[in-house]
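Report on one structure; see the data block that follows.
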Amino acid sequence: MNAATTLQTSAGTLLDLETVIGLIKNDERLLLAGDEALLRQLPRGAWIGGTIPYFMVRAGGIASRDRLFCTRLPDMASVASIRLYDVGNLADVCVDAPANGFSVMIAPAFSQIHSLFARNAPGFEDMYLKPLLGWIAGMHLDDLGKAVPKVANGMTGEISEDHAVVLHAALPPEYFARIEIINPFTQGQGDALHFPDKGFSATTVLVNGQPQDFAAYITKKGIDTRLPLVADYSGAMVNVSIKGVDTAAGQVDFYAPVFEDLEYRFATPVTDYVGAFQAGLPAGDPAIAFSCNCILNWLYAELDGKSTGPMCGPVTFGEIAYQLLNQTLVYMTIEK
Amino acid sequence: MTRTEKQLLEQLLELQEPWEIQGIRTNTHTHRCEVEIGVAAPRSWFGFGRKTVATTERGRWRHLDLGAYHLFVHVTAPTGISLDRCTWAGEPGQPFTRRMAAQLSRLLEAGGTIEGLCRLFGVDAGEMWRLKQTLEADGRVSARGEAKTTVVDVSGGFLPAPDDPVWRQLAAGEIAIEISQLSLRLLLTRIRSQYGSMSDEQARRLKAQELHRFFLKNLRILRNEATQLRDYAARESQA
């Protein structure tokens with residue numbers, strides 16, 4: 001089975017550099033994830049990419065610096081445009097999207113554009129009207145503080161640590177893109193928490209309406225910070241993961257922003273992550289057009305070597321299903 | 001952009017020293033023009049090179065249209081430089097430049113509706129509502145009743161009519177339906193949060209219509225949800 005056939009039958013797979021080069025030269029339209037050194041060697045073509053060395057494949061989780069995870073666009077999709085966005089025009093990303101199709105975005109972790117998207121995406125014009133998914137590029141955890149996450153525009157050859165790269169794809173009218181999530185976490189039975197301000201950090205939390213020092217609250221309650229805060233979005237559970245608790249400074253940092261108009265609760269602990277992901281698999285075993293999972297799930301669930309079935313893809317520093325998510329599996333299917 | 005074109009655009013925007021246009025991007029598909037405005041770096045002694053000055057993002061605002069293009073200005077400037085007198089900039093946290101806000105305000109004061117102005121200028125209802133709220137606080141416009149609008153239902157009757165109360169009830173969180181689509185769950189959460197903080201009837205109606213438009217665009221994947229709403233609306237009308 002050659003690389004192109006393999007790509008047709010799965011959400012994607014790990015391939016060596018030469019094979020990916022061959023696919024690009026063969027005019028394949030690709031979504032790529034891998035080491036920066038590999039992305040820089042790719043010829044120009046209809047592809048976008050981001051840096052990350054962690055992947056889920058059929059056999060299980062794997063870390064690799066010498067292969068690229070390659071997802072091929074479905075045959076019925078056409079590339080409308082591939083472009084880089086900066087902080088000045090990111091708000092137009094959904095306006096720019098085709099009327100019927102989907103858009104795949106990759107943004108570098110810890111960048112201003114990552115922060116801007118996280119805080120403001122829910123208010124972007126046409127948000128939720130047009131399917132937008134993607135992931136946050138990162139690096140090997142051994143390289144934290146040394147390497148800088150980057151994204152790549154295959155059309156122009158540009159590689160950037162400050163931009164988001166987006167592939168806008170159009171679909172024929174009889175098809176539509178469906179974006180869904182599998183979140184192993186649900187809201188626990190603990191305190192209802194509100195935050196006075198939107199942001200990636202908080203000092204004060206309203207616990208059942210009463211203001212408290214959030215860092216002190218977490219410490220006093222002995223909360224396991226591997227568990228995310230969970231908000232209920234009309235039945236969709238959306239996580240905000242804890243990045244750090246500084247009791248001296250009285251500050252808690254997050255991997256996604258909390259919003260002031262939502263109620264959060266810490267999640268119920270999950271004992272079987274893999275089981276939870278597999279329980280959330282869509283019925284009927286549809287073809288998965290794209291999937292990604294979270295680096296925190298990799299770490300906390302020890303996904304290295306464990307399988308999440310057909311949900312193959314990069315394991316990232318944040319996931320995008322319309323807005324930024326944490327500790328969540330995102331996937332897309334193309335349906336008729 | 002040539003020097004002449006840059007000077008012309010600066011003139012059209014009424015930019016004066018030390019301000020200059022530092023970048024411009026146009027999107028011919030969406031008819032949007034983004035103009036980056038900043039302070040020209042001061043020349044160093046003897047004209048050799050230019051000193052680098054630390055700047056911060058001051059804001060992005062919608063300005064008056066430029067021909068067929070919606071114009072947005074994006075301003076970066078050193079902290080401490082005031083934008084108070086710059087009509088091509090806006091107040092922090094506000095969506096419009098002072099010039100744009102002034103024009104919209106004049107139209108609101110003259111009796112223009114939020115819905116009409118949104119359609120005419122392609123601006124967001126929430127942003128118009130915020131402007132109107134500011135004007136009401138200043139006593140420059142009074143709260144008005146609902147304007148008559150004509151909304152066409154193109155769903156072939158599958159959806160409740162656009163002006164059916166069920167859409168407002170859904171936006172207000174007064175009714176609950178089973179939802180299977182992630183996009184609708186996220187959108188509904190945002191709309192309910194905005195709806196709850198709005199007191200203006202027109203703005204609320206626009207939010208309800210936003211839900212109707214979403215259902216209309218995504219009807220093929222929202223059949224189950226649409227059926228629930230249609231059945232609820234039918235029951236209410238018989239009650």
Side-chain angles (χ1 to χ4, degrees), chain A residues 80-81 83 85-100 112 116 120-133 168 173-183 231-238 259-263 321-323 325 328 330-332 335-336, chain B residues 22-37 57 59-60 62 70 72-76 95 122-127 170 173 176-197 210-211 213-222 225:
Chain A
S81 65
R83 54 179 297 186
Y85 285 83
D86 59 32
V87 292
N89 59 10
L90 184 67
D92 293 337
V93 64
C94 296
V95 174
D96 291 343
N100 185 48
Q112 191 180 6
L116 184 80
N120 296 349
F124 286 177
E125 189 173 347
D126 283 357
M127 178 54 74
Y128 310 125
L129 274 173
K130 296 176 180 175
L132 173 70
L133 80 163
H168 292 296
E174 65 270 29
Y175 291 95
F176 63 90
R178 183 196 297 268
I179 297 170
E180 289 296 343
I181 60 175
I182 302 176
N183 185 355
D232 182 348
Y233 281 67
S234 304
M237 297 297 137
V238 175
F259 293 94
E260 71 278 15
D261 55 351
L262 291 170
E263 179 177 285
Y322 301 97
Q323 59 193 64
L325 306 176
T328 300
V330 172
Y331 69 94
M332 177 175 67
E335 300 178 25
K336 219 172 175 177
Chain B
Q22 296 180 338
I24 180 166
R25 286 185 301 268
T26 56
N27 186 321
T28 55
H29 172 63
T30 60
H31 281 86
R32 287 186 171 216
C33 179
E34 300 271 348
V35 175
E36 292 169 15
I37 296 174
E57 270 185 58
R60 176 181 182 265
R62 169 74 188 277
H70 295 324
F72 296 84
V73 298
H74 184 85
V75 180
T76 55
V123 297
D124 177 71
E127 292 172 348
L170 185 64
I177 58 172
E178 252 183 50
I179 302 172
S180 61
Q181 294 301 317
L182 174 66
S183 53
L184 178 56
R185 286 175 167 170
L186 298 175
L187 174 69
L188 192 57
T189 302
R190 191 195 78 196
I191 284 182
R192 282 178 172 169
S193 172
Q194 292 170 334
Y195 194 94
S197 65
E210 190 177 337
L211 270 176
R213 273 195 300 276
F214 181 85
F215 269 77
L216 201 57
K217 182 182 187 294
N218 296 286
L219 193 51
R220 57 182 166 174
I221 62 172
L222 293 176
E225 290 84 351

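In what follows, every chain begins at residue 1, and chains take the letters A, B, ... in the order their sequences are listed.
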Bottom line for Leu262(A): the part with an atom under 4.5 Å from chain B's heavy atoms is side chain
In terms of heavy-atom proximity below 4.5 Å to chain B, should Ala321(A) be classed as side chain, backbone, both, or neither?
both
Checking heavy atoms, do the side chain of Asp86(A), its backbone, both or neither come under 4.5 Å from chain B?
side chain
Who among Glu210(B), Arg25(B), Gln194(B) has the most heavy-atom pairs with chain A under 4.5 Å?
Arg25(B)
Please flag which part of Ser180(B) lies under 4.5 Å from any non-hydrogen atom of chain A: side chain, backbone, both or neither.
backbone
Interchain contact, Asp124(B) with chain A, by part (heavy-atom threshold 4.5 Å)
neither
Could you tell me whether the side chain of Arg185(B) and the main chain of Ile179(B) form a donor-acceptor pair under 3.5 Å?
yes
Closest approach of Pro95(B) and Glu127(B), non-hydrogen atoms and distance?
CB-CD, 3.5 Å
Shortest non-hydrogen pair, Asp126(A) vs Val95(A), comes out as OD2-CA, 3.9 Å
Count the heavy-atom pairs under 4.5 Å between each of Glu178(B), Arg190(B), His74(B) and chain A, then report the option with the highest count.
Arg190(B)
Does any heavy atom of chain B fall under 4.5 Å from the side chain of Gln112(A), the backbone, both, or neither of them?
side chain
Answer whether the closest heavy-atom distance between the side chains of Gln181(B) and Glu180(A) falls below 4.5 Å.
yes
Would you say Leu132(A) and Phe124(A) make side-chain contact, with heavy atoms under 4.5 Å?
no
Hey, are the side chains of Glu34(B) and Arg60(B) touching, using non-hydrogen atoms and a 4.5 Å cut-off?
yes
Which bit of Glu335(A) is near chain B, if near means a heavy-atom gap under 4.5 Å: side chain, backbone, both or neither?
neither
Ion pair Asp92(A)/Arg83(A), N-O distance below 4.0 Å
no
Tell me which of these, Arg213(B), Arg192(B), Arg32(B), has more heavy-atom pairs under 4.5 Å with chain A than the rest.
Arg32(B)
If you count heavy-atom pairs within less than 4.5 Å of chain B, which of Ser81(A), Ala91(A), Gly88(A) leads?
Gly88(A)
Donor on one side chain, acceptor on other, Glu36(B) and Thr76(B), under 3.5 Å
no
Which bit of Glu57(B) is near chain A, if near means a heavy-atom gap under 4.5 Å: side chain, backbone, both or neither?
side chain
Parallel, tilted or perpendicular: ring planes of Tyr322(A) versus Tyr128(A), cut at 30 and 60 degrees:
tilted
Scored by heavy-atom pairs under 4.5 Å with chain A, the best of Leu186(B), Leu184(B), Thr30(B) is Leu186(B)
